[in-house]
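Throughout, residue positions are numbered sequentially from 1 according to the sequence presented. Computed from a predicted structure; not experimentally measured.
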Amino acid sequence: MRHLLTVIAILLAFACCTTEADRSRMRAELDSINQRNRNDQPFTVADVEPYVNFFDDHGTPNDRLLAHYLLGRAYHDHGEAPMALQCYQDALDCADTLSTDCDYPQLARVYGQMAQIFYEQGLYREQLESSRYSVMYAWKGNDTLVSLTSYEQESQAYRNLNMPDSLLYICEHVSGLYRKYGYTHYAARAFGNTFSTLIHRQEFDKARRYMQIYESESRYFDSLGNIQKGREIYYRIKGLYFLHTNMLDSAEYYFRKELRDGKDFDNQHSGALGLSELYQIRQQTDSTAKYYKYAYSMLDSVYIQRATKEVERIQALHDYTRHQNIAIQEKEKASAEKAKRQLSLAMLLLVVVIAAFIIYLMYIEKKKKQELYLQNLEQLEQTQSEVLQLREHAEVNDALIAVKEKQIEEQRMRFEELKKDSLKDHAAIDSHIKESNIYQILLEKQYDSKLTITELRECRKLVLENLLEFNSLLLTKEYKISVKDFNVCILLRFGFKSKEVSNLLGLSQVRVSQICSKVLREVFKKDEGGATALIEILHEYY
């Protein structure tokens, strides 16, 4: 027997070494793709998917975070922004923010990329939220530059939300922070979003001072004062500055420079529009008409270009939701078939008039039993909720808890007697849960709405009706499970991710992670793991 155990131990050790060797190799290859990402070298979804699949089974939270992030980057680079956003959300679900070795800089990059997608989709308030998380985690990970650039990105959202005071504050504040930490050219670049607002407010001295810093320190200009290709729209801004300060010759120089150097539709339109405004001031009607007509023709091209981008954005959303629509259609079809069967059964019952009296008596009896069943269910759920609340102050409520637990046992016996015909098949139980009314409410609210007290009670009733083993496990008196802990476990057992649970309960993701760790430790005696590990365990109980 000793020899046999020795052989088994050796084989297990060999298997573990092989798994660790495989993980190290796969991680090295994933890091290689990450390096390509940082160097702006192309890679595809197919390049990353094997690593996502591998690390979902064998990786650490940081491995899974990086893999899902890179998959999102691949989708984004191929124009599939909604799929990229889903991958980034999956990456956030993988992160263990309570762990001492959590990769906070990587977490900040995930939120930064989400902010970029929200900006591209015109969801500026969502962009602000993601940027703020990026700032927070970058500071936590001592990544000063990422934190400051994410902070600066907030100014883009404020510009599009028409909040100029917030825009100016962010740009001026972050410029000072850049300079404080030695990022001089970033400090100069931060002024780039302020010029139009300052000119509009006629704060010309400040605008001139910021433009001088921008031109001398941003590293966007060559020795002759020419800006980098692709940034020629700055000439329009500088031309407007000279136009509004009555330096018309300088204004004309920069508007013409924009027309000459900026060949895209936006620059052609802006330069021509600037010249038309200039010649209108000079009262040169022929030149005004000439450039106004040209600006108008360019405006058509700008609208066409923007409309094309909008169509591409909507198409991406369509592609993302198409498979969801198919699933909904299949479910509706199944529901329609079920309704047809019910109608046929009702017609058959109408035909069998001779059995009407017997059926009526059975119906009355069943109704009484159902009412009694619901009454017991209500009482049991109420008593369990009281016990969970009392446990939060167990030291002063021991006697009352004991009384309530005795009531629970008596009520449970009556309830199980009434529930003799309950579902036994696990697949049928899961299906029954997902077809319930409260589950549909959860699906509707999972992204942005907090559940009411009544809806939480309905969730606990659904558990009592279908998941007695799960319910009994978490209510075992030696575990210190509170109402919040129980609600988190219920929603995880129903299949919702930690971010969705956070939304539904109005808790922070950090708080949800803490509860998951607490339940793993106190109920399942596991010192490590987060929401993903807890979900896997909870799905074993019915």
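Going from atom NZ of K445 over to atom CG of L451 covers 5.5 Å, rounded to the nearest 0.5 Å. From N34, atom CG reaches atom CG of L66 across 4.5 Å, with rounding to the nearest 0.5 Å. Separating the CD1 atom in I227 from the CD1 atom in I233 is a distance of 10.0 Å, to the nearest 0.5 Å. Atoms OG and NZ, from S502 and K497 in turn, are 14.5 Å apart once rounded to the nearest 0.5 Å. Separating the CG atom in L70 from the CG atom in N37 is a distance of 5.5 Å, to the nearest 0.5 Å. Within the model, atoms CG of L520 and CD of E528 stand 10.5 Å from one another, a figure rounded to the nearest 0.5 Å.
Not a single donor-acceptor pair under 3.5 Å links the side chain of R219 to the backbone N or O of H185. Panel note: side chain T194, backbone F191; a donor-acceptor pair is recorded below 3.5 Å.
Aromatic rings of Y220 and Y234 (six-membered ring for Trp) have centroids beyond the 6.0 Å cut-off, not under it. Checked against the 6.0 Å centroid criterion, the rings of Y69 and Y111 do not qualify as a close aromatic pair. Aromatic ring centres of Y151 and Y178 lie farther apart than the 6.0 Å criterion allows.
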Subject >> Chi angles and distances behind the side-chain contact (heavy atoms from CB on, under 4.5 Å) call for T97, Q509 >> reply: CA-CA 9 Å; T97 56; Q509 282 190 271; over 6 Å; no
Subject >> Test log, rule side-chain contact (heavy atoms from CB on, under 4.5 Å), inputs L504 and E455 >> reply: CA-CA 10 Å; L504 289 168; E455 289 165 347; over 6 Å; no
Subject >> Worked check of salt bridge (Lys or Arg N to Asp or Glu O under 4.0 Å) between E29 and R25 >> reply: CA-CA 6 Å; E29 293 174 2; R25 176 179 56 82; 3.4 Å; yes
**OP:** Let me see the working for K461 and E458 under salt bridge (Lys or Arg N to Asp or Glu O under 4.0 Å), right down to the final yes or no.
**Re:** CA-CA 5 Å; K461 288 180 187 177; E458 290 301 316; 3.4 Å; yes
**OP:** Take H58 and E20 through the test side-chain hydrogen bond (donor to acceptor under 3.5 Å, both in side chains) and record every step on the way to the result.
**Re:** CA-CA 9 Å; H58 304 292; E20 182 58 30; over 6 Å; no
Subject >> side-chain contact (heavy atoms from CB on, under 4.5 Å) assessment of V463 paired with F494 >> reply: CA-CA 9 Å; V463 168; F494 284 175; 3.9 Å; yes
Original post:
Given R125 and L161, is the side-chain contact (heavy atoms from CB on, under 4.5 Å) satisfied, shown in steps?
Top reply: CA-CA 8 Å; R125 297 196 182 279; L161 290 170; 4.2 Å; yes
Please set out all donor-acceptor pairs under 3.5 angstrom arising from side-chain atoms of residues 530-542, sequence neighbours excluded.
residue : atom : partner : partner atom : Å
H539    : ND1  : I535    : O            : 2.9
H539    : NE2  : R493    : O            : 3.3
Y542    : OH   : D430    : OD2          : 2.9

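Looking at K499 and D93, their side chains come closer than 4.5 Å, going by heavy atoms from C-beta outward. Side-chain contact check for F55 versus T60: every heavy-atom pair is 4.5 Å or farther apart. Proximity of V483 to R460: side-chain heavy atoms (C-beta onward) are separated by under 4.5 Å at one or more points. With contacts defined as side-chain heavy-atom distances shorter than 4.5 Å, the pair L462/L467 does not qualify. S134 places none of its side-chain heavy atoms less than 4.5 Å from the side chain of T149. Using a 4.5 Å cut-off on side-chain heavy atoms (C-beta onward), V488 and L507 make contact. Using a 4.5 Å heavy-atom threshold, the side chains of F486 and N471 count as touching. You'll find the side chain of N503 stays beyond 4.5 Å of the side chain of Q446, heavy atoms only.
In this model, a donor atom of one side chain and an acceptor atom of the other lie less than 3.5 Å apart for D90 and Q86. Residues E444 and Q440 have side chains that never bring a donor and an acceptor to within less than 3.5 angstrom of each other.
Taking both residues in full, the closest heavy atoms of Y88 and V110 are given as O-CG1, 3.6 Å, listed atom of the first, atom of the second, then distance. Between S175 and A187, the closest heavy-atom pair is OG-O, 2.8 Å. Here the closest heavy-atom approach between residue L167 and residue S155 is recorded as CD1-O, 3.6 Å. Scanning all heavy atoms of the two residues, the minimum distance from V174 to L148 falls at CG2-O, 3.5 Å. Between S130 and F118 the shortest heavy-atom distance is OG-CE1, 3.3 Å. Counting all heavy atoms, side chain and backbone alike, L492 lies closest to S498 at CD2-N, 4.4 Å.
Note on residues 54-69: pairs passing salt bridge (charged side-chain N to carboxylate O under 4.0 Å, His left out), not counting sequence neighbours, are R23-D63, R27-D63. The salt bridge (charged side-chain N to carboxylate O under 4.0 Å, His left out) contacts involving residues 98-119 comprise R109-D143, where partners must be two or more places apart or lie in separate chains. Residue pairs meeting the salt bridge (charged side-chain N to carboxylate O under 4.0 Å, His left out) criterion with at least one member in residues 170-185, sequence neighbours excluded, are E172-K206, R179-E217.
Exactly one residue among L473, L474, V523 makes a side-chain contact (heavy atoms from CB on, under 4.5 Å) with C489. That residue is L474.
The side-chain contact (heavy atoms from CB on, under 4.5 Å) check on R36 picks up I33, Q41, F43, D47, with sequence neighbours excluded. Scored by the side-chain contact (heavy atoms from CB on, under 4.5 Å) test, L98 finds D96, V510, S513, Q514, S517 as partners (sequence neighbours excluded).
Y183 and Y186 have perpendicular rings, their planes meeting at more than 60° on a 0 to 90° scale where under 30° would count as parallel.
Counted within 6.0 Å of CD on Q228, heavy atoms from surrounding residues, nucleotides or ligands total more than 12; the atom is thus considered enclosed. With a 6.0 Å radius and a threshold of 12 heavy atoms from other residues, nucleotides or ligands, Y133 has its OH atom at or below the threshold.
E129 has no carboxylate O lying under 4.0 Å from a charged side-chain N of R132, or vice versa, which leaves the two without a salt bridge. A salt bridge between K518 and D485 is present, with a side-chain N of the basic residue lying under 4.0 Å from a carboxylate O of the acidic one.
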